[in-house]
Amino acid sequence: MAAKRISGAGKSGGGDPNILSRISNSEIVSQGRRAAGDAVGVSKKLLWSTGKAAWIAGTTFLILVVPLIIEMDREAQLNEIDLQQASLLGAPATATPIPRGL
C-alpha cells in the first residue's frame, strides 16, 4: 500500500510561503529586537561602570588600607618583643604597650 500524502505537509507547512518573511518583518519582532539591543547596551554600560568602581575600590584599598595593616602588624610584633625582653630581664610583663617614637 502506498502511503497517503497529507496535503500541505512537507516543505513549508502548507500555508503562505511568505509567512516567515511576514513574521520576521512584523512590528512585534522589530520591537523585540530593539528591546534586546537596548538591554545589551544597558548591560555593557553597567559592566563598564562596575569595572571602573571595582578598580577605584581596589586601588584605594591598596593605597590606604594595606600600609595601615602592615604598620599595625609591625607594632604588634614590637610590643611582643618588648614583653619578651621584659620577662627575660625579670620585670613583670605588662600588657600595656610602650610608646615609641616614629
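Everything numeric here is computed off the predicted structure, so don't read it as measured data. In what follows, every heavy atom counts, from backbone to side chain, and hydrogens, waters and symmetry copies are set aside.
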Q: State whether the number of non-hydrogen atoms from other residues, nucleotides or ligands found under 6.0 Å of Arg34 atom CZ is greater than 12.
A: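 Counting neighbours around CZ of Arg34, more than 12 heavy atoms of other residues, nucleotides or ligands fall under 6.0 Å, so yes.
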
Q: In Å, rounded to the nearest 0.5 Å, how long is the span from CD1 of Ile69 to CZ of Phe61?
A: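 Answer for the CD1-CZ pair, Ile69 versus Phe61, is 4.5 Å.
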
Q: Should Val65 and Ile70 be counted in the same cluster of Ile, Leu, Val, Met, Phe, Trp and Tyr side chains packed under 4.5 Å apart?
A: yes

Q: So does Ile28 have more than 12 non-hydrogen atoms from other groups sitting under 6.0 Å from CD1?
A: no

Q: Could you please spell out the steps behind the side chain to side chain contact (heavy atoms under 4.5 Å, CB included) verdict for Asn79 and Leu83?
A: CA-CA 6 Å; Asn79 287 338; Leu83 287 173; 5.6 Å; no

Q: Just how far is it from atom CD of Gln31 to atom CZ of Arg33, taken to the nearest 0.5 Å?
A: 12.0 Å

Q: Nearest 0.5 Å, please: how far is CG in Asp73 from CG in Leu68?
A: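 Spacing of CG (Leu68) from CG (Asp73) equals 11.0 Å.
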
Q: Go through Ser43 and Val40 one step at a time and tell me if the side chain to side chain contact (heavy atoms under 4.5 Å, CB included) criterion holds.
A: CA-CA 5 Å; Ser43 297; Val40 168; 5.6 Å; no

